[in-house]
Student: 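Structure incoming, see below.
Bear in mind the structure is a predicted one, so any value in this text is a computation, not a measurement.
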Amino acid sequence: MASASLLLAWYDRHRRTLPWRGTRDPYRVWLSEVMLQQTTVAAVTPRYTRFLERFPDVAALAAAPWEALAEEWAGLGYYARARNLHAAAQAVVERGSFPGDSAGLAALPGIGAYTAAAVAAIAFDEPVMPVDGNVERVTARIFAEQMPLHAAKVRLARLAAGFMAQPEARARPGDFAQAMFDLGATICTPRRPACALCPWSGECAARALGIAETLPAKAAKKVRPVRHGVHFLLRDAEGRMLLRRRPPEGLLGGMLEVPGTAWREAGWAIEEAMPFAPIRAGWQVLPGEARHGFTHFELRMRLLVARCPSLPRIEGFEAHPGEGLALPTAMRRLLALDAAALPVAGKV
DNA sequence: CAATCGTGGGT
DNA sequence: TACCCAAGATT
């Protein structure tokens, strides 16, 4: 069993300065943990600061319209996080305060076992071990667990909980949890771990066996199918666009999109796609296609454009200016085709 | 419970 | 360029 005191001593010397470090405000800790779900520190850092300027506390977030939150989350991905964040904020305001422990936190939408434990440990000093990818990797290496990750998850979580059970860790739950994150992020990295600098190297079974970099064992990767879509960009004389709000659930749920066909594996002939245009107009096919990789498929989109003096009012569609939009990256890539086709630069 | 759900940065 | 992958949750 690796000693908690060794890790804490290392953390006290090497802790990283991050925007969410140093606060124990449950709102801020919660926001940082949700933003960091499957998202890198580099990507989160500027967005976290900006988000807090716009929504400084849970009441402000709860009172905000979804459109404002969608705008603020655009480009961060996994938009269910934003929807759940909004619903949870409203639940917290409704009940009057944040739940006081990890079990209560886990009952809020978008807060699973990991996030509940992380917020409780950091904000409430509750001695629970948040088990994320870092903790799984560190634990798998310490114990030289060679089972594939998906099969070893329960066992790794139990072993990681054993770390937090040590008195030195229980005395500083938030620091110990964040020490594990920092260790995984800077020393016990997925590739080329810096074992020579690791405070636990002397007690690491994987290092002793020379197999640290191979753990945790990874599942076989699957092939990502290609899907195709055709989209229709209608602009007026002032550059406003006719957009559509996607359904609240599912892929890019609640975000704006350029209207178009469904995304399917079979390619679209332009003629076949025309019935999906919002209006009949002189649609011009732009050269090239926009590509965007989602987690489980790759998307290729063609774009047709048309101009009109003023945007029509159509049920289900909205006119939007060119700025401050809840447009996910996939849609921004699509709009870039139009920008590239313009003879004069200066548009986004 | 395996599949779904995004994106930017690093290599 | 192409791949890997990151402080996961939900169904």
Student: According to salt bridge (charged side-chain N to carboxylate O under 4.0 Å, His left out), does anything in residues 71-94 of chain A pair up with another residue at least two apart or in another chain? List the pairs.
Tutor: A:Arg50-A:Glu72, A:Arg54-A:Glu71, A:Arg54-A:Glu72, A:Arg83-A:Glu249
Student: Apply side chain to side chain donor-acceptor pair (under 3.5 Å) to A:Arg15 and list each qualifying residue two or more places apart in sequence or on a separate chain.
Tutor: none
Student: Can you list the residues that meet the side chain to side chain donor-acceptor pair (under 3.5 Å) rule with A:Arg207, with sequence neighbours excluded?
Tutor: none
Student: Listing time: all N or O pairs from protein to nucleotides 2-4 of chain B that are below 3.5 Å?
Tutor:
from  : atom 1 : to       : atom 2 : distance (Å)
B:dA3 : OP2    : A:Lys222 : NZ     : 2.6

Student: Where along residues 42-62 of chain A does a heavy atom come under 4.0 Å from DNA chain C, residue by residue in number order?
Tutor: none
Student: Any side chain to side chain donor-acceptor pair (under 3.5 Å) pairs touching residues 95-112 of chain A, not counting sequence neighbours?
Tutor: A:Ser102-A:Glu126
Student: Using a 4.0 Å heavy-atom cut-off to protein, can you give one letter per nucleotide of nucleotides 1-11 of chain C, 5' to 3': B if the base is in contact, S if only the sugar-phosphate is, - if neither?
Tutor: ---S-BBBSS-
Student: When the side chains of residues 216-230 of chain A are checked against the rest of the protein, which donor-acceptor pairs come out under 3.5 Å, sequence neighbours left out?
Tutor:
from     : atom 1 : to       : atom 2 : distance (Å)
A:Arg224 : NH1    : A:Phe294 : O      : 2.7

Student: In chain order, what residues pass the salt bridge (charged side-chain N to carboxylate O under 4.0 Å, His left out) check against A:Asp236, with sequence neighbours excluded?
Tutor: A:Arg240
Student: Sort and list the pairs that fulfil side chain to side chain donor-acceptor pair (under 3.5 Å) and have at least one residue in residues 26-37 of chain A, not counting sequence neighbours.
Tutor: A:Glu33-A:Tyr114, A:Gln37-A:Thr115
Student: Using the salt bridge (charged side-chain N to carboxylate O under 4.0 Å, His left out) criterion, which residues pair with A:Glu136? Sequence neighbours excluded.
Tutor: A:Lys153
Student: Only pairs under 3.5 Å count here: list side-chain donor-acceptor contacts from residues 169-179 of chain A, not counting sequence neighbours, and write none if there are none.
Tutor:
from     : atom 1 : to       : atom 2 : distance (Å)
A:Arg172 : NE     : A:Asp175 : OD2    : 3.1
A:Arg172 : NH1    : A:Asp12  : OD2    : 3.1
A:Arg172 : NH2    : A:Asp12  : OD1    : 2.7
A:Arg172 : NH2    : A:Asp175 : OD2    : 2.9
A:Gln178 : OE1    : A:Arg21  : NE     : 2.6
A:Gln178 : NE2    : A:Gly174 : O      : 3.2

Student: For A:His292 and B:dC5, give me the distance from atom NE2 to atom P, rounded to whole Å.
Tutor: 12 Å
